[in-house]
There are 2 protein chains.
Amino acid sequence: MNKKYKNALFTLQNAGLSKTPQRIAVLTSLLEATTPLSVRDISQTLAAKARIDRVTIYRILSLFKQHGIAREIASSGGTNYFEMASLENPVHPHFNCRNCGELSCMEPLTFSQSRQLISSQEDYSVDHIEINISGLCAVCRNATKLQKQQNKQV
Amino acid sequence: MNKKYKNALFTLQNAGLSKTPQRIAVLTSLLEATTPLSVRDISQTLAAKARIDRVTIYRILSLFKQHGIAREIASSGGTNYFEMASLENPVHPHFNCRNCGELSCMEPLTFSQSRQLISSQEDYSVDHIEINISGLCAVCRNATKLQKQQNKQV
DNA sequence: TAATTGTTGCAACTCTGTTGCATTATTGAT
DNA sequence: ATCAATAATGCAACAGAGTTGCAACAATTA
Ligand SMILES: [Mn+2]
Ligand SMILES: [Mn+2]
Ligand SMILES: [Zn+2]
Ligand SMILES: [Zn+2]
């Protein structure tokens, strides 16, 4: 509890972000979570302690993403989830249950390893595996390069 | 053109689905597409020929998914995309440009292979790689099993 | 033809996520 | 500690994706 709180304070300090109660609360939620959280999850978790507007949560998570503190996970349900991003918690696959909707973290294996692992466990039933890579496509990458060059010339 | 239309007819026939103009139109769109399409994409594409309600498109795509004809791809933008699913077009990674939003298909490689391929091409800039696996978690799998057993006993 | 069944279109709705703006809190200097 | 400058929050209103109920319509079958 208190340890997570201190961790939250340190993380904000380290990123040069102001330590508002809202940011500390959201960060503490992410640190305490065992699965990725949706904005709704965070909102409900924090509702007991303080009433933080969901817009604020969105803005805080967006900020955390920009600073590499948190990472966003898309789900086909339309809701996005967030989890802590760090060297100790590298990018990894997630398992999304079609029935209860739970999103859980998996070991950071490769695609084929994950598939093998999952099929070897009788308990799971895999419908679909998806790899999504995001970044800049060739066109946009070049456009950005050109812009930078032009800015230098001006 | 006509070839895609015939392919659409055959696919519906093969799945035992009635060949309505709306289903043929949506299926033809998917067959002609070079990238996964959103409901909005399909709606706009078909707007010239016929006015199909977006609810109908949702229902048709949901049906296609159930019959393994189409596959859904989640994107962090909140919009989901659809593409043909078949043995010739197996599950594969997708690249989502953060700038122009385009979603393009990648070769069906493993996670690590995709990462290597992408980093070896100067043009691309990768922000984030994500693997999402969906299906039934251990709890729901067991619950389903129990239900089936109980149904047999009744 | 008439009854049955399945499909579509429309309206209304829920939910996620975003934006503009006024209010309030944090920070850093005095 | 006080104050001004700046940053963050809350509120309201909004846009867009996706869903549901229901009536109208189309296809099938008797
Ligand atoms: Mn995770
Ligand atoms: Mn694809
Ligand atoms: Zn489950
Ligand atoms: Zn692009």
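Throughout, protein chains are lettered first and strands after them, A, B, ... in sequence-line order, and every chain is numbered starting at 1. Every value quoted in this text rests on a predicted model; they were computed, and no experiment measured them.
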Could you go through nucleotides 20-30 of chain C and list every protein N or O atom that sits under 3.5 Å from one of its N or O atoms, giving the distance for each pair?
residue: C:dT27; atom: OP1; partner: A:Lys19; partner atom: N; Å: 3.3

With sequence neighbours left out, which residue pairs that include part of residues 68-84 of chain B fulfil the side-chain hydrogen bond (donor to acceptor under 3.5 Å, both in side chains) condition?
-> B:Lys65-B:Glu72, B:Arg71-B:Glu83, B:Glu83-B:His92, B:Glu83-B:His94

May I have all residue pairs that pass side-chain hydrogen bond (donor to acceptor under 3.5 Å, both in side chains) and include part of residues 47-58 of chain A, sequence neighbours excluded?
->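 Listed by first then second residue: nothing to list.
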
Can you name the side-chain contact (heavy atoms from CB on, under 4.5 Å) partners of [X], sequence neighbours left out?
| X | value |
| --- | --- |
| A:Thr20 | A:Ser18, A:Gln22, A:Arg23 |
| A:Arg59 | A:Val55 |
| B:Glu102 | B:Cys100, B:Ser104 |
| B:Ala25 | B:Leu46, B:Ile52 |

Pairs where residues 38-47 of chain B contributes a residue and the test salt bridge (Lys or Arg N to Asp or Glu O under 4.0 Å) is met, not counting sequence neighbours | none

Could you check how far CG of A:Asn80 sits from P of C:dC15, rounded to whole Å?
-> 17 Å

So which of residues 39-49 of chain B are in contact with DNA chain C, with a heavy-atom cut-off of under 4.0 Å?
-> none

Listed by chain and number, what are the salt bridge (charged side-chain N to carboxylate O under 4.0 Å, His left out) partners of A:Lys19, not counting sequence neighbours?
-> none

Just jot down the side chain to side chain donor-acceptor pair (under 3.5 Å) partners of B:Asn7, sequence neighbours excluded, or say none.
-> B:Thr11

Span of DNA chain D, from the first to the last nucleotide whose atoms fall under 4.0 Å of chain B heavy atoms = D:dA17 to D:dG21

